[in-house]
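Just so we're on the same page: letters track the sequence lines, and every chain starts at 1.
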Protein chains: 4
Amino acid sequence: MSTVNETNRLASAGVTLLPMANKSPKAQPDHTRRSERSRRAILDAALELTGESGYQRLTIEAIAARAGVGKQTIYRWWPSKAAVLLDAFIALGEEAAEGEAGLPDTGDLAADLKTVVRATVDELNSPRYDAPSRALAAESVVNPELCAQFTERVLEPQLQLYVRRIRAAQEAGQADPDADPRIALELIVGPLAHRWMLRTLPLTHDYADAVVDLVLRGITPR
Amino acid sequence: MSTVNETNRLASAGVTLLPMANKSPKAQPDHTRRSERSRRAILDAALELTGESGYQRLTIEAIAARAGVGKQTIYRWWPSKAAVLLDAFIALGEEAAEGEAGLPDTGDLAADLKTVVRATVDELNSPRYDAPSRALAAESVVNPELCAQFTERVLEPQLQLYVRRIRAAQEAGQADPDADPRIALELIVGPLAHRWMLRTLPLTHDYADAVVDLVLRGITPR
Amino acid sequence: MSTVNETNRLASAGVTLLPMANKSPKAQPDHTRRSERSRRAILDAALELTGESGYQRLTIEAIAARAGVGKQTIYRWWPSKAAVLLDAFIALGEEAAEGEAGLPDTGDLAADLKTVVRATVDELNSPRYDAPSRALAAESVVNPELCAQFTERVLEPQLQLYVRRIRAAQEAGQADPDADPRIALELIVGPLAHRWMLRTLPLTHDYADAVVDLVLRGITPR
Amino acid sequence: MSTVNETNRLASAGVTLLPMANKSPKAQPDHTRRSERSRRAILDAALELTGESGYQRLTIEAIAARAGVGKQTIYRWWPSKAAVLLDAFIALGEEAAEGEAGLPDTGDLAADLKTVVRATVDELNSPRYDAPSRALAAESVVNPELCAQFTERVLEPQLQLYVRRIRAAQEAGQADPDADPRIALELIVGPLAHRWMLRTLPLTHDYADAVVDLVLRGITPR
DNA sequence: AGCTAATCGAGACGGTACGTCACGTCTTTAG
DNA sequence: CTAAAGACGTGACGTACCGTCTCGATTAGCT
């Protein structure tokens, strides 16, 4: 994952140590010839297997077998099972998200946040998303490279939606203009993530509402 | 880990399926004969190795080798490397904590919380604690049994200290008596955990202070 | 076994490295205090287990468990599982043999040999003796110390009975006085053992008779 | 080993329990891709190690290490260390035997048999052959599957040479046509094997000669 | 009859090897 | 050239036994 991207970054920046030998250690495979069929099969298999028996028991060999694919085809395009799962998870998100514009803006910040936050709670509690997202979260805690990819491609785009919605509220005079939207957002997302990850207490709509209420009380203009 | 406790719980509750055969599958080893020397060596080795090369590369075999111990001695007393590390981490905490009474109570809730929260930030940023606590957190995300142990033995005791301090503030009239201390606490701890786990942004004293301020604004009596 | 005997041999030969310390490495246990009950239980368990699952799967731990005995009680008195089995096998033979005088002597050498040889065939084919005697034979092929014990205590006493009977026949003029009884005996016993050990062809009474006939034709006076 | 052959035998005989599922438990590895280099290294290592420290102390791990090979490469092609050693022993024999036609036939049966039998004695006494052949013999005594392979691939081909030579002698009128060559042969080979295996007395040329003489006296035409 | 020393059942311990699984690399054959 | 297939060297897994050791609790044999 990092390997692929770093190499790409370097290559596209024209950074090569040897005149015509940017293939020296390991040439990048030719993306134009890549089999889309295999790619989909691999991502699907990774999601299925993670759901069936968990990330710990997920193996590259099992993915290859389930996808009807040679192991090398996985190693050629991904650096680790975590990277496969990340791509699979993103693909999963894209299916669902189709044309999602951003957070709703009805003019009522509290209502809009609760709408979104309840949806997030439902997603985290749904079996379809639970296993892969837990896997990616856990791996991210312990694997900085994967974490960077995960936050960059999945998490931050989501968080920026909150930032935008809160800024809009500030401009509309519904929130204290001195409050830092980033911190406000983390006060909403952090507690939900905490309950979900460490299972301290059940993650419910009521809890989500309470969190939003408390935070909004903190950033309401006085 | 959970196995041990559940078995004990069931046994002490008189719940046995076969009249006198609660020893059938695998008798518990005899704790009175346990070698304290080996136990310490194992916990120390687990911490050292986690610090040196990370949890992923941590191996039961390496722990055994470093500790000068047979593998079976580890498997006899712990069900997984995660369980070993949890015990090691708790032992590590006990050394440091010696006679720690609870959160300070100077009468100024904001100041007291900031004191504690800054200390937590320092601890999370210290190399000594970083590797093992990340490992346990990551494992907990994905392993409910370990998670239960982790929250029960490490996390919740800490969180209860916050609950007590906030209650004291409520009784002293410094905090809204209708606010739920549990939720307030999670609004403080959750965001810190989120930044630490997913490395979205640096985890600093300033951030901690800002979180505390925002939350306190939410529960200050009006 | 070898350990025990070598120690004894050295000790009785007055070979000691330290003046009064022939107990230095490992004192012999006190035979007068030995528990007969445990000894029997161990020998019985060894035979049973060998019969049930074969010598290869026989373990000291299983013997101890079956016999209701500590492992140390076995290690105290025997140097190896082969030695245990040898003692067990000898005890088994003694039960059967009670007061057996030697080979029959009806005056007809051929008939007498066939009687004995058929009985041997039956014994080798009986499940009771098969497993332990195969185990001891196999071990003897590969373990000279055990082999020495096995031949000295089991095999040779049997073979000497043949020698005596053949000598008697020579004195009675029924066999060539120049023939070597030892070689004659081995020509009878060797082929039976060969068939039994390597299972080349079935070991039957007819085969035994044919062997005896052929050998006797070789040593009949001309 | 036996598994492979039996499966093949059954399959080629059309004996299958399930219609098209003779691949269910574990597909045979692909013999065309087998590494000859590894095969040789494994067989050599097995012989060396058996010679150095005996069959009992021979381990699959040691073979793999010495051969510079993964354990799995051994387990993929052989079911046990005994099977490895059998193949190694056969390879050893093939080197020596190159173009060996059979027993010599000078017209003098006694002389020819003594020539062969003395050579066998020398071989059994040579350190090069001693350890592996003892190991295989011992294992065969106790392991019927290996025994079947051993007799089929090593022992019987040798024995058949005797049968042919004795038949030739019968046809030439030098031996009793009524004598059973198989039994005669076993009377020669059995005693030698017996002395060698159980070390009752030294295995010498003189003994071999005496055995041949005695047997021939039994089958000489009267 | 009481003392004392060895044996006993039990089983934890440091080890070695087992046979299996999965890794990531490499090679072969087919398209 | 990619892809499926899968053999290979490597290394960790969790288990089974090894032979040694340390624990009370018998249990003799000798005062």
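Toward the 5′ end of DNA chain F lies the nearest nucleotide of D:Arg76, the other residue of the pair B:Leu58 and D:Arg76 mapping further downstream. Nucleotides of DNA chain F nearest to A:Glu61 and B:Glu61 differ in position, and the one nearer the 5' end is that of A:Glu61. Comparing D:Thr59 and C:Ala65 by the nucleotide of DNA chain E whose heavy atom lies nearest to each, the residue mapping closer to the 5' end is C:Ala65. Comparing D:Lys81 and C:Ser35 by the nucleotide of DNA chain E whose heavy atom lies nearest to each, the residue mapping closer to the 5' end is C:Ser35.
When heavy atoms are screened at a 4.0 angstrom cut-off, A:Arg34 is found touching the sugar-phosphate backbone but no base atom. A:Ser38 comes within contact range of the sugar-phosphate backbone alone, with a heavy-atom separation under 4.0 Å but no base atom that close.
Comparing F:dC13, E:dG15, E:dT29 against the side chain of D:Arg33 picks out E:dT29 as the nearest. When each of E:dC13, F:dG9, E:dC8 is scored by its nearest atom to the side-chain atoms of C:Thr73, the top-ranked nucleotide is E:dC8.
Atom pair B:His31:NE2 and E:dC13:P shows a separation of 10 Å (rounding to whole Å applied). With rounding to whole Å, B:Lys71 atom NZ is found 9 Å from F:dT15 atom C1'. Spacing between atom CZ of D:Arg39 and atom C1' of F:dC8 amounts to 16 Å, rounded to whole angstrom units. Protein atom OH of D:Tyr75 is 18 Å distant from nucleotide atom P of F:dA12, rounded to whole Å. Protein atom CD1 of A:Ile74 is 12 Å distant from nucleotide atom P of F:dA5, rounded to whole Å. One atom, CZ of C:Arg57, and another, C1' of F:dT15, lie 16 Å apart when rounded to the nearest Å. Atom CD of D:Glu36 is separated from atom P of F:dC8 by 11 Å (rounded to the nearest Å). Atom CG in B:Asp30 sits about 18 Å away from atom P in E:dG9, given to the nearest Å.
An OP1 or OP2 oxygen of F:dG19 is reached within less than 4.0 angstrom by no side-chain nitrogen or oxygen of C:Trp78. Between B:Trp77 and the phosphate of E:dC13, there is a side-chain N or O to OP1/OP2 separation shorter than 4.0 Å.
Smallest separation of non-hydrogen atoms from A:Tyr55 and A:Lys81: O-NZ, 3.0 Å.
Interatomic distance, OG of D:Ser80 versus CD of D:Glu145, reported as 9.5 Å (0.5 Å rounding).
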I would like to know whether A:Leu85 and A:Leu47 meet side chain to side chain contact (heavy atoms under 4.5 Å, CB included); could you show each step before the answer?
-> CA-CA 7 Å; A:Leu85 196 58; A:Leu47 282 179; 4.2 Å; yes

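No donor-acceptor pair closer than 3.5 Å links the side chain of B:Thr59 to the backbone N or O of B:Ala62. C:Arg134 places a side-chain N or O within donor-acceptor distance of the main-chain N or O of D:Val141, the cut-off being under 3.5 Å.
Applying the 3.5 Å distance criterion, the base of E:dC8 shares no donor-acceptor pair with the side chain of C:Gln72.
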